[in-house]
J.: 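Next up is a structure, given as structure tokens.
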Amino acid sequence: MIFYFTGTGNSQMVAETIAKYIDDRAYSITGAMKRGAYDYALGIDEPVGFVMPTYYYGIPVHIPEFIEKLHFDHTPRYIWTCLTCDGLTAGAGGMLDQILRQNGYIPSARFSCPVVNNAVVMGGQMPVRNVDALLDRAQKRSANIAAYIRERRMGNFDDCAGMGADFITQQHYGRYKNGRGTRHFVLRDSCIGCGICAEQCPADAIAVGGGKAQWVKDKCYYCLRCINNCPERAISYDGQDNTYTFMNNRVEGEP
Ligand SMILES: Cc1cc2nc3c(=O)[nH]c(=O)nc-3n(C[C@H](O)[C@H](O)[C@H](O)COP(=O)(O)O)c2cc1C
Ligand code: SF4
Ligand code: SF4
């Protein structure tokens, strides 16, 4: 059983690719939280996996709530995690392991998978090039991760953590956890009020009123799906130019 959170599809692609290779099922954490679906029955010796993006060298802010509410009919014996990223997870995998332990789970294996950077409008990011090659590489890596899971390998296989992982996370994660202000999302006149962003926001932070998108919560998860998925490119971060957007086109849309 695999649980994934995704903003722009990378973590969904990795979760579904691994699921295909180990003959498993991948469930959306967004869908589960929206439906209040927290109770799951596991098969005998069924592994449990968690896949999600790295945000500011840590994990998406709502994951602890999901793990706290999660309930299985029996304790899973093999638990693995995989952080998708742009190349540096730092202390994110350790943070996720700690949340699991706090909730009585014993993580068995930790993985990471660089995919494509979806933070295309933050910090003057360059446009993403060679998307297909990057997605191919990530799917190959997912197949390798699946082989490790099949063999029930134990250990820390996150080779994107880099040097001084916990220190990097300590330095940066607070800006995400305490920030996440939706006031940074600036709507352009080109918004046609189609409602896609509101329907698709995992945090239910957007509504359409008066024919335009508006943010109805002060803070959100910062998944950047709204910016990347708007057909009119009508949302900018702090007014930055976002000529480039990224959505993973190897997965079907999310609930
Ligand atoms: C707010 C934000 C912060 C991010 N921080 C990191 C980071 O610390 N390290 C990294 O390698 N990638 C970082 N990324 C890139 C994402 O982790 C990466 O693109 C991920 O695969 C996106 O997954 P998704 O498509 O499932 O949402 C960040 C992206 C966002 C939106
Ligand atoms: S911001 Fe984009 S996705 Fe949202 S309602 Fe406007 S046009 Fe549609
Ligand atoms: S408002 Fe945008 S960035 Fe925030 S959670 Fe919703 S879709 Fe993601």
Side-chain angles (χ1 to χ4, degrees), residues 1-16 18-19 24-40 47-72 75-76 78-86 88-113 115 118-119 145 156 158 160-161 165-166 168-170 172-180 182 200-205 217 219-226 248 251 254-255:
M1 188 169 295
I2 305 176
F3 297 98
Y4 68 84
F5 171 69
T6 191
T8 57
N10 291 341
S11 308
Q12 182 181 355
M13 180 190 81
V14 169
E16 288 177 352
I18 294 173
D24 205 339
R25 301 162 288 177
Y27 295 98
S28 156
I29 290 177
T30 299
M33 290 183 88
K34 289 196 181 194
R35 292 193 311 277
Y38 295 105
D39 287 318
Y40 296 86
V48 171
F50 297 89
V51 184
M52 63 195 68
T54 307
Y55 290 162
Y56 290 77
Y57 314 112
I59 61 173
V61 73
H62 59 301
I63 298 301
E65 181 193 336
F66 177 71
I67 292 175
E68 200 177 304
K69 291 183 173 168
L70 199 55
H71 177 258
F72 298 107
T75 310
Y78 184 85
I79 298 178
W80 59 272
T81 62
C82 178
L83 271 296
T84 71
C85 64
D86 179 38
L88 189 59
T89 55
M95 186 185 287
L96 181 54
D97 278 6
Q98 198 184 349
I99 301 293
L100 287 165
R101 281 202 190 88
Q102 281 166 2
N103 286 279
Y105 300 106
I106 301 168
S108 310
R110 186 194 301 177
F111 304 100
S112 60
C113 186
V115 193
N118 65 351
I145 292 171
N156 180 357
D158 175 6
C160 296
D166 291 338
I168 291 174
T169 298
Q170 272 165 24
H172 297 274
Y173 189 66
R175 274 196 296 139
Y176 166 65
K177 198 174 176 196
N178 306 319
R180 307 181 283 116
T182 56
Q200 294 272 315
C201 172
D204 291 328
K217 290 185 179 171
K219 290 176 189 276
C220 72
Y221 303 157
Y222 260 39
C223 73
L224 299 195
R225 185 186 294 180
C226 52
N248 188 314
V251 289
E254 263 232 316

J.: Which heavy atom of Pro64 sits nearest to which heavy atom of Pro60, and what is that distance?
T.: CD-O, 3.9 Å
J.: If I take atom CD1 from residue Ile63 and atom CZ from residue Phe3, how far apart are they, to the nearest 0.5 angstrom?
T.: 11.0 Å
J.: OG of Ser11 to CD1 of Ile2: how many Å apart, nearest 0.5 Å?
T.: 12.0 Å
J.: Are the side chains of Pro107 and Phe50 in contact, using a 4.5 Å heavy-atom criterion?
T.: no
J.: Looking at Lys177 and Val61, what are the two nearest heavy atoms and their distance?
T.: CG-CG2, 4.1 Å
J.: Find the distance between CD1 (Ile106) and CZ (Arg101) and round it off to the nearest 0.5 Å.
T.: 8.5 Å
J.: What distance do Ile29 atom CD1 and Glu65 atom CD have between them, rounded to the nearest 0.5 Å?
T.: 11.0 Å
J.: Report yes or no: does Thr54 contribute a side-chain atom to a donor-acceptor pair with the main-chain N or O of Thr84 at less than 3.5 Å?
T.: yes
J.: Show the numbers, then the answer: is there a side chain to side chain contact (heavy atoms under 4.5 Å, CB included) between Leu83 and Met52?
T.: CA-CA 5 Å; Leu83 271 296; Met52 63 195 68; 3.8 Å; yes
J.: Pairing donors with acceptors under 3.5 angstrom, does anything connect the side chains of Thr89 and Asp158?
T.: yes
J.: How many angstroms lie between atom OH of Tyr105 and atom CD1 of Ile99, to the nearest 0.5 angstrom?
T.: 12.5 Å
J.: Determine whether Glu16 and Val251 make a side-chain contact, defined as any pair of heavy atoms from C-beta on separated by less than 4.5 Å.
T.: yes
J.: Measure the shortest side-chain to side-chain distance between Val48 and Tyr40 over non-hydrogen atoms and say whether it is less than 4.5 angstrom.
T.: no
J.: If I compare all heavy atoms of Ile59 with all of Ala92, which pair ends up nearest, and what's the gap?
T.: CG2-O, 3.6 Å
J.: Does Val51 reach the side chain of Trp80, with side-chain heavy atoms less than 4.5 Å apart?
T.: yes
J.: Report the residue from Tyr57, Tyr221, Tyr56 that forms a ring pair (Phe, Tyr, Trp, His ring centres under 6.0 Å) with Tyr176.
T.: Tyr56
J.: Taking all heavy atoms of Asn103 and all of Glu68, pick out the closest pair and write down the distance.
T.: OD1-CA, 3.3 Å
J.: So, taking the atom named CD1 in Ile145 and the one named CZ in Arg110, what distance separates them when rounded to the nearest 0.5 Å?
T.: 13.5 Å
J.: Can you tell if the side chain of Lys34 reaches within under 4.5 Å of the side chain of Asp204, non-hydrogen atoms only?
T.: yes
J.: Closest approach of Asn118 and Leu224, non-hydrogen atoms and distance?
T.: O-CD1, 4.0 Å
J.: Is any side-chain heavy atom of Val14 closer than 4.5 Å to a side-chain heavy atom of Thr6?
T.: no
J.: Of all residues at least two apart in sequence or in a different chain, which pass the side-chain hydrogen bond (donor to acceptor under 3.5 Å, both in side chains) check with Tyr38?
T.: none
J.: Are any of the side-chain heavy atoms of Cys223 and Pro202 separated by less than 4.5 Å?
T.: yes
J.: Under 4.5 Å between any side-chain heavy atoms of Lys219 and Thr182, yes or no?
T.: no
